[in-house]
Enquirer: 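To start, I am sharing the structure in question, which I have written as structure tokens.
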Amino acid sequence: MGGPLSGMSMDPKARKQALELVTYGLYVVGTRRGDQKHAVMVNWLTQASFDPPLVALALMKDALSTEMVLASGDFSVNVPAADQLEFAKTFIKRPRHEGNRLGGYEFYTKTTGAPIFKDALAFVECKVVAKVDHGDHLIFVAEVVDAGVHREGGPLALRGTKMHYAG
Ligand SMILES: Cc1cc2nc3c(=O)[nH]c(=O)nc-3n(C[C@H](O)[C@H](O)[C@H](O)COP(=O)(O)O)c2cc1C
């Protein structure tokens, strides 16, 4: 593989603008390594297959969460409600882990051992089935092995938060 495939003529401003127009949600990905639990806010996450049910998640290569997913082979995806931006933002910086709380938010574990936040609208638990190692993020392809809905509501979106993670 190797060098960049992008043409010399590509306008970097247009690339950034176009990629920032992609619509994203915001999610809290829960990870574990032994008894250690961690969670991180992400937007680069999507469903990627119906059968089997797969998701694709891109995690920064030097992130603690990446190390932990590589070690455990699983993670949870927690979907915050539209009014839970503060909850989601807690997980941009490494949250403090105390007992059954991360960043002050209570979690429980179910099938994989990855933390599941009861405050979130819903969750899926995933087991890694493949990895793509090409850019500065590692892309995990993972099968959904459990799921739950805590309450009804609309999900949090990246657009409108004034934050960006694209370009
Ligand atoms: C708007 C926004 C979106 C983000 N999306 C991702 C993402 O998709 N993947 C990722 O690895 N980090 C993402 N981050 C950065 C993480 O929240 C986190 O700061 C970083 O991954 C460090 O994680 P660590 O605590 O596991 O080391 C995003 C940050 C912001 C502000």
Side-chain angles (χ1 to χ4, degrees), residues 12-13 15-49 53-107 109 112-117 119-144 147 154-167:
K13 237 177 104 189
R15 183 203 66 208
K16 184 170 168 57
Q17 227 175 311
L19 287 172
E20 281 183 359
L21 285 170
V22 175
T23 299
Y24 295 102
L26 277 176
Y27 309 99
V28 177
V29 166
T31 63
R32 68 179 180 110
R33 179 170 50 189
D35 286 342
Q36 191 187 0
K37 311 283 182 193
H38 180 48
V40 64
M41 187 188 86
V42 306
N43 68 321
W44 285 352
L45 179 115
T46 182
Q47 183 166 357
S49 161
L54 299 178
V55 299
L57 163 69
L59 285 182
M60 211 182 281
K61 273 187 178 163
D62 60 0
L64 174 62
S65 42
T66 307
E67 256 179 56
M68 290 173 71
V69 173
L70 284 170
S72 69
D74 51 48
F75 57 87
S76 66
V77 178
N78 298 271
V79 184
D83 63 357
Q84 286 186 306
L85 181 58
E86 285 313 310
F87 163 65
K89 282 169 73 174
T90 302
F91 304 99
I92 297 172
K93 290 212 179 122
R94 287 186 190 172
R96 180 192 277 265
H97 178 196
E98 279 174 317
N100 64 342
R101 287 181 185 266
L102 273 167
Y105 292 96
E106 194 178 331
F107 66 82
T109 59
T112 61
I116 298 166
F117 293 94
D119 288 326
L121 287 181
F123 70 91
V124 290
E125 290 191 82
C126 307
K127 283 200 171 158
V128 175
V129 294
K131 292 181 281 262
V132 179
D133 182 359
H134 189 69
D136 53 14
H137 283 55
L138 195 57
I139 302 171
F140 293 99
V141 178
E143 184 162 347
V144 176
L156 182 61
L158 177 62
R159 195 168 308 290
T161 65
K162 298 200 176 102
M163 295 187 292
H164 292 280
Y165 199 79

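One-based numbering, in listed order, for ligands and for the atoms of each.
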Enquirer: Atom CG in L158, atom CE in M41: separation rounded to 0.5 Å?
Expert: 7.5 Å

Enquirer: Starting from atom 9 (N) of ligand 1, find the nearest protein heavy-atom neighbour and note its residue, name and distance.
Expert: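 Of every protein heavy atom, A58 O, 3.0 Å lies nearest to atom 9 (N) of ligand 1.
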
Enquirer: Take T112 and E125, measure what side chain to side chain donor-acceptor pair (under 3.5 Å) needs, and give me the verdict at the end.
Expert: CA-CA 7 Å; T112 61; E125 290 191 82; 2.5 Å; yes

Enquirer: Counting neighbours of CD on E20 that are heavy atoms of other residues, nucleotides or ligands and sit closer than 6.0 Å, is the number greater than 12?
Expert: yes

Enquirer: Can you report which non-hydrogen protein atom sits closest to atom 22 (C) of ligand 1, along with the distance?
Expert: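 In this structure, atom 22 (C) of ligand 1 has A63 CB, 4.2 Å as its nearest protein heavy atom.
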
Enquirer: Which side-chain N or O atoms in residues 53-66 pair as donor and acceptor under 3.5 Å with protein atoms at least two apart or in another chain?
Expert:
from, atom 1, to, atom 2, distance (Å)
K61, NZ, D133, OD1, 2.5
K61, NZ, G135, O, 2.8
T66, OG1, M60, O, 2.5

Enquirer: In this structure, is the centre-to-centre distance between the rings of H164 and Y24 below 6.0 Å?
Expert: no

Enquirer: Look at atom 19 (O) of ligand 1 and say which protein heavy atom is nearest, naming residue and atom and giving the distance to 0.1 Å.
Expert: I92 O, 2.7 Å

Enquirer: Which atoms of ligand 1 are found less than 4.0 Å from any heavy atom of L59?
Expert: 11 (O)

Enquirer: Salt-bridge test for R101 and E106: reply yes if a basic N is under 4.0 Å from a carboxylate O, no otherwise.
Expert: yes

Enquirer: Where's the contact between H38 and ligand 1, heavy-atom distance under 4.0 Å: side chain, backbone, both or neither?
Expert: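 H38 to ligand 1: side-chain contact only, backbone stays beyond 4.0 Å.
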
Enquirer: Quick check on contacts: which atoms of ligand 1 are under 4.0 angstrom from a heavy atom of L64?
Expert: 24 (P), 26 (O), 27 (O)

Enquirer: Has the side chain of N78 got a donor or acceptor atom that lies under 3.5 Å from a matching backbone atom of V28?
Expert: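 Here the side-chain-to-backbone pair exists.
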
Enquirer: For the residue pair H137 and Y165, is the inter-centroid distance of their aromatic rings smaller than 6.0 Å?
Expert: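 Yes, the ring centres sit under 6.0 Å apart.
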
Enquirer: Give the residue, atom name and distance (to 0.1 Å) of the protein heavy atom nearest atom 5 (N) of ligand 1.
Expert: N43 OD1, 3.0 Å

Enquirer: Identify, for atom 6 (C) of ligand 1, the protein heavy atom at the shortest distance, and state residue, atom and that distance.
Expert: Y165 CE2, 3.2 Å

Enquirer: Against heavy atoms of R94, which atoms of ligand 1 measure under 4.0 Å?
Expert: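 Near R94, meaning under 4.0 Å from one of its heavy atoms, ligand 1 has 24 (P), 25 (O), 27 (O).
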
Enquirer: Provide the number and element of each atom of ligand 1 under 4.0 Å from a heavy atom of L158.
Expert: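 Selected atoms, number and element: 1 (C).
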
Enquirer: Examine the proximity of ligand 1 to T161 and report which part, side chain or backbone, both or neither, has a heavy atom under 4.0 Å away.
Expert: neither

Enquirer: Give a yes or no answer on whether the side chain of Q17 reaches the backbone of L19 with a donor-acceptor pair at less than 3.5 Å.
Expert: no

Enquirer: Measure the acute angle between the ring planes of F117 and Y105, then classify it against the limits of 30° and 60° as parallel, tilted or perpendicular.
Expert: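 If you compare the ring of F117 with that of Y105, the planes turn out perpendicular.
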
Enquirer: Around atom 8 (O) of ligand 1, find the nearest protein heavy atom and jot down its residue, atom name and distance.
Expert: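 The closest heavy atom on the protein side is W44 N, 3.0 Å.
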
Enquirer: Heavy-atom contacts under 4.0 Å between V40 and ligand 1: side chain, backbone, both, or neither?
Expert: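 For V40, the contact with ligand 1 is made by the side chain alone.
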
Enquirer: Measuring from the heavy atoms of M68, does anything fall under 4.0 Å of ligand 1?
Expert: no

Enquirer: Please state which option from M60, K93, E67, M41 has its nearest heavy atom closest to atom 30 (C) of ligand 1.
Expert: M41

